[in-house]
Amino acid sequence: MNAKDQIDILSAGVAEILPAEGLKKKILKAEKRKRPLIVKLGVDPTAPDLHLGHAVPLRKLRQFQDLGHKAVLIIGDFTARVGDPSGRSVTRPALTTDQVKANAKTYTDQAFKILDDDPDKLEIRYNSTWLASLDFARLLELTSRFTVAGLLVRDDFMKRYKAEQMIGLHEFLYPVMQAYDSVEINADVELGGTDQKFNLLAGRQLQEKYELEPQVALTLPLLEGTDGAKKMSKSYDNHIGLTFEAADMFGKVMSIPDEAAGQGRFSMITKYYQLALGSLPDEVASIEAKLESGELHPRDAKSQLSWQIVSTYLGEKAAEDAKADFEARFKVKDKDSALQIADKMKLSKDPRKPDGTAYLPHVLKEAGLVSSSSEGRRVIEQGGLRVDGELEGNLEVRLGDEFLIEIGKRKKKIITLPS
RNA sequence: GGGGGAGUGCCCGAGUGGCCAAUGGGAGCGGGCUGUAAACCCGUCGGCUUAGCCUACGUAGGUUCAAAUCCUGCCUCCCCCA
């Protein structure tokens with residue numbers, strides 16, 4: 001593919017390319033020399049649970065691969081023990097080697113689902129390979145290329161410094177180590193989130209000192225979570241985990257708002273296509289056009305999106321099931337389809353009195369559908385309860401041995417009573 | 001060490017003797033609208049087979065016919081001074 005088209009694809013959805021013309025130059029040069037670019041993505045196996053936000057740079061990396069370039073995924077097994085201070089107001093706790101190892105495994109498992117594993121296009125390196133054996137002399141040599149002032153201008157360090165919060169000396173070394181990774185593999189391009197900008201630029205700096213051609217830093221925006229507002233993060237409870245159950249993952253993607261505040265009517269949908277799925281610019285533009293013209297219903301656009309995302313991580317079969325499940329849950333409202341997706345549960349005690357009736361709030365509480373019988377009572381009084389598909393407004397009701405309970409739109413259970 | 005202030009329901013936060021299960025907002029829940037959503041509207045929002053009862057305003061006591069509200073001890077947190 002020619003250079004211009006490559007650049008269009010690769011720069012789509014990115015936050016910043018530093019230096020601005022750098023990517024173009026790199027690609028032209030690669031073409032001339034007939035060798036692929038070495039594209040680095042460093043990940044620290046610090047968190048055991050990955051979410052769609054983590055997948056954004058991986059998707060971009062995949063695009064590079066698809067254009068014939070070589071991805072080098074660096075597992076920061078060594079750096080993880082230090083902890084990236086980026087965006088942090090306090091020192092990160094150190095991880096044990098076992099934790100790091102376990103996290104690295106889940107990370108590579110997920111990464112393989114996105115990346116092309118052709119050995120010509122993918123290399124996985126662990127940075128302990130070169131960092132663990134660095135001796136003090138070499139370390140001093142490395143650090144002599146950086147200045148304290150240079151490190152201190154970083155926002156997160158500066159804030160902490162001013163606030164007289166401690167900054168561990170080892171944290172100062174973090175960008176040095178990451179930069180050294182770039183030297184070690186001779187990276188042409190390094191990807192990362194916008195919060196990684198400083199670290200990526202440190203790589204450029206160090207490469208220059210070693211008389212290598214400095215890498216291009218390509219930062220990617222942080223993906224918003226299901227609330228459509230804050231960046232995706234487990235602590236905001238707006239994340240979509242890569243290891244979620246298919247139905248849950250599908251539903252979560254469906255629940256993203258259409259629009260990110262002030263960015264166009266379907267900006268969230270297109271953003272997810274672009275960043276979470278890594279769709280090419282042409283596809284994204286076409287989807288957007290169809291949404292605008294009304295040819296494509298936003299619900300259907302999200303359904304396709306969800307399907308593809310689930311399919312990536314859990315397979316087509318799971319995606320198909322999740323979609324069917326979702327449609328049964330929300331689209332169709334008849335009893336039969338509800339029966340198919342409802343969980344079954346058996347109560348240990350029979351709540352029925354000798355005359356065959358039972359106090360429903362108790363039944364709901366026993367089944368775990370409400371947290372107290374008062375809540376159950378309220379739900380019934382407010383018309384939120386269906387028994388076997390029929391709206392039930394009575395608290396005291398005659399029950400069979402097996403029946404379907406639905407509360408609101410989401411909670412459904414088939415209850416079996418001991419006979 | 002000295003001085004001052006604060007602790008209220010899931011969260012924030014009103015309430016300073018009876019009308020307080022406690023204003024208001026947020027979250028949650030049910031209903032409506034819809035696209036499954038967002039926004040919006042209505043309702044609900046301690047527990048209990050609920051015209052009532054029980055438990056609750058940091059904690060333990062006390063005053064009172066009556067306490068989230070007054071008094072005392074204790075615990076916790078914040079601020080100022082040293």
Side-chain angles (χ1 to χ4, degrees), chain A residues 224-230 232 235-238 240 244 246-273 276 287 290-307 309-310 319 321-334 337-338 341 349-387 390-399 405-413:
Chain A
E224 286 90 344
T226 50
D227 56 1
K230 285 182 286 211
M232 188 177 288
S235 48
Y236 293 144
D237 198 24
N238 65 359
I240 303 174
F244 278 5
D248 197 19
M249 192 186 286
F250 195 97
K252 284 268 176 12
V253 178
M254 287 305 281
S255 80
I256 62 165
D258 298 355
E259 173 181 356
Q263 292 177 35
R265 268 202 301 157
F266 307 110
S267 50
M268 252 341 245
I269 299 179
T270 49
K271 193 177 256 189
Y272 262 66
Y273 266 102
I287 289 163
K290 283 185 194 158
L291 283 169
E292 289 293 345
S293 70
E295 189 186 330
L296 179 61
H297 194 289
R299 170 189 14 100
D300 297 328
K302 279 201 255 182
S303 177
Q304 287 168 24
L305 173 70
S306 306
W307 189 94
I309 287 176
V310 174
D321 290 349
K323 186 179 173 195
D325 178 277
F326 187 85
E327 280 170 8
R329 201 175 289 259
F330 293 107
K331 255 188 172 169
V332 195
K333 285 187 176 168
D334 63 90
S337 62
I341 56 167
K349 266 191 267 171
D350 192 338
R352 287 173 293 193
K353 284 175 279 194
D355 66 358
T357 65
Y359 185 62
L360 270 177
H362 280 168
V363 177
L364 301 182
K365 191 185 165 196
E366 282 302 310
L369 290 160
V370 294
S371 59
S372 69
S373 57
S374 290
E375 189 187 331
R377 165 185 286 271
R378 255 175 256 136
V379 164
I380 294 167
E381 282 167 355
Q382 294 183 106
L385 176 75
R386 283 171 186 273
V387 177
E390 299 293 324
L391 197 62
E392 181 57 70
N394 297 309
L395 298 177
E396 202 99 21
V397 146
R398 180 172 298 278
L399 290 174
I405 295 270
E406 295 168 86
I407 293 183
K409 286 170 192 143
R410 293 156 209 237
K411 289 182 240 168
K412 303 183 199 321
K413 257 179 194 176

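Protein chains get the first letters and strands the later ones, always in sequence-line order, with residue 1 at the start of each.
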Taking the minimum atom-to-atom distance to the side chain of [X], which one of [options] wins?
| X | options | value |
| --- | --- | --- |
| A:Lys353 | B:C29, B:U49, B:A37 | B:U49 |
| A:Arg378 | B:G30, B:G35, B:U44 | B:U44 |
| A:Ser374 | B:G35, B:C29, B:G47 | B:G47 |
| A:Pro298 | B:U49, B:C29, B:G35 | B:G35 |
| A:Asp258 | B:A37, B:C29, B:U50 | B:A37 |

Would you mind reading off the distance between [X] atom [atom1] and [N] atom [atom2], rounded to a whole angstrom?
| X | N | atom1 | atom2 | answer |
| --- | --- | --- | --- | --- |
| A:Phe250 | B:A37 | CZ | P | 14 Å |
| A:Leu305 | B:A37 | CG | C1' | 14 Å |
| A:Glu381 | B:C42 | CD | C1' | 16 Å |
| A:Lys409 | B:G31 | NZ | C1' | 8 Å |

Could you tell me which nucleotide pairs with [N] by Watson-Crick or G-U wobble geometry, both distances under 3.5 Å, or answer none if nothing does?
| N | value |
| --- | --- |
| B:C77 | B:G5 |
| B:A51 | none |
| B:A39 | none |
| B:U63 | none |

Taking atom types as modelled and ignoring hydrogens, do the side chains of A:Tyr359 and A:Arg377 form a donor-acceptor contact shorter than 3.5 angstrom?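 Short answer, yes.
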
Counting distance alone, no hydrogens or angles: does the base of B:G31 have a donor or acceptor under 3.5 Å from a partner atom on the side chain of A:Gln382?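 No, the side chain and the base share no sub-3.5 Å donor-acceptor pair.
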
